[in-house]
There are 2 protein chains.
Amino acid sequence: MRESDPPESRPYHHGDLRRALVEAACRLLEREGAAALSLRAVAREAGVSPAAPYHHFKDKSELLDAVAHEGWDKLAIAFQAAREAHTSARDRVRELGVAYVGFANRHPDLYRVMYDCSRDKADMPADVLEDENSAYGRVKNVLISAGADPADEISLELATIACWCAAHGLAEMTSFKQFDPLKDALGGEEAFLRGVLDHVAVFTKGL
Amino acid sequence: MRESDPPESRPYHHGDLRRALVEAACRLLEREGAAALSLRAVAREAGVSPAAPYHHFKDKSELLDAVAHEGWDKLAIAFQAAREAHTSARDRVRELGVAYVGFANRHPDLYRVMYDCSRDKADMPADVLEDENSAYGRVKNVLISAGADPADEISLELATIACWCAAHGLAEMTSFKQFDPLKDALGGEEAFLRGVLDHVAVFTKGL
DNA sequence: GCGCTATCTTAGCGTTGTTAAAATAAGAAC
DNA sequence: GTTCTTATTTTAACAACGCTAAGATAGCGC
């Protein structure tokens, strides 16, 4: 009785419904946007009844948490790509920001879910902040490799947060139409991002 | 038949229901938070039927627009207070940021409504950006008074946007619990804000 | 084979945003 | 001052939502 799985219609027990639900949610998010992401719609997309998800997630927000986690993983991948291939310290920091904002622009609804979850919990996922290879840790490392003093932990932390805040703010605002003329004048979205991020000079204290 | 207006129970026609609804919404926002801000709850708070608002607002989002507008006005007032009493250029820019983030911290749910509205329309309210005395214009002026070249319009615009993005990002993230140790180390929330904002050095190009 | 338990479905509750139709009041026309 | 018109408000209803309780189904240990 499932439409997208014609041959041997799915068994009563799904196998890994939890996984299927998260994927259905991501699919919906891309296809219909964040406003359309209801629990019932996700269940529909996965081909199960509206009550089925409650055996795998305590409530809707727990499903969204799982989606958000998926998002942070994807962001980490996008970051990895940006790390290579830039020589100057300034470039590396900036390009990390470009990658970050670029990700948010490519997946605006997913990005929204990610931050809504964080805000509701007043916390970002622990692994985003603590891991050496996490997004946050990576910014910190680039700052160090750019000359920031690793011994001055407080200043390093503040600089990292400043970077992150600017990137997050920009991620939420780049799509504002008011900036269109400026983007045109600079020759495109990416040039605009670089322009803004170049004004977030986190080096003033370090070099 | 209205509880909070005992003597001559309100007339059938309200007088200025539009105004009353916006105020009821603001009251609800402070008292119960953004999650509780339903159209029906607002109508309830104003003492009218669930359908009454539709004669003054096309739909819920239009009511929220009005609430958001109220918010931008309040922010402008908070900005006004911050303008005075700081000598160094750097101080003035930073304190504008502190005022901004402070406002967001004092009215987190209102701030959320303000930005959600902007995002849905992919635009901030025109008067926030265009007015000379608007928040945006004020940042620009402070940057000029701090030495930025008013002739280099593009760079000035980029710097202003950088400031705004950092402030917005910080506004949405200051309440994250991960930053608590750092706040303690620095001696409080305000010191933390100043610390972060000092790393957003938008002057590198100008002075 | 039997029962146990996890999984899924059906049915239903209370809430929401929104609309349609009827009720009410205020103002204009005469 | 009565009547007509129009703006405002109410009642009633719809579909969709999150969530819960009850029962159906099926895999697994025995």
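Lettering of chains follows the sequences in order, A, B, ..., and the numbering in each one begins at 1. Everything quoted here is computed from the prediction, not taken from an experiment.
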For a quick test of reading the model: is some side-chain N or O of A:Arg44 closer than 4.0 Å to OP1 or OP2 of D:dC17?
yes
Any side chain to side chain donor-acceptor pair (under 3.5 Å) involving residues 179-190 of chain A? Give me the pairs, sequence neighbours left out, ordered by first then second residue.
A:Asn105-A:Glu189, A:Lys183-A:Glu189, A:Glu190-A:Arg194
Between atom CZ in A:Phe57 and atom P in D:dG18, what is the gap in whole Å?
14 Å
Taking NE2 from A:His55 and P from C:dT9, how many angstroms apart are they, rounded to a whole number?
9 Å
Could you tell me the separation between the CD atom of A:Glu62 and the C1' atom of D:dG18, rounded to a whole number of Å?
14 Å
A:Tyr54 OH to D:dC19 P, in whole Å, measures 4 Å
Rounded to the Å, how far apart are B:Asp16 CG and D:dT8 P?
10 Å
Test: ring pair (Phe, Tyr, Trp, His ring centres under 6.0 Å). Region: residues 170-191 of chain B. Which pairs qualify, not counting sequence neighbours?
B:Phe179-B:Phe192
Sequence neighbours excluded, the answer for ring-ring contact (aromatic ring centres under 6.0 Å, His included) partners of A:Tyr136 is A:Trp164
Tell me, which of residues 34-43 of chain A have any heavy atom that sits under 4.0 Å from an atom in DNA chain D?
A:Ser38, A:Leu39, A:Arg40
OP1 or OP2 of C:dA6 versus the side-chain N and O atoms of A:His56: is any pair under 4.0 Å?
no
Provide, to the nearest angstrom, the distance between the CD atom belonging to B:Glu32 and the C1' atom belonging to C:dT15.
15 Å
Partners meeting salt bridge (charged side-chain N to carboxylate O under 4.0 Å, His left out) with A:Glu23 (sequence neighbours left out):
A:Arg19
Under the criterion salt bridge (charged side-chain N to carboxylate O under 4.0 Å, His left out), which of B:Glu32, B:Glu70, B:Glu45 is the partner of B:Arg27?
B:Glu45
Round to a whole Å and report the spacing from CG of B:Leu63 to P of C:dT18.
10 Å
Residues two or more places apart in sequence or in another chain: which of them pass ring-ring contact (aromatic ring centres under 6.0 Å, His included) with A:Phe103?
A:His107
Find the distance A:Lys60:NZ to C:dT16:C1' and express it as a whole number of Å.
12 Å
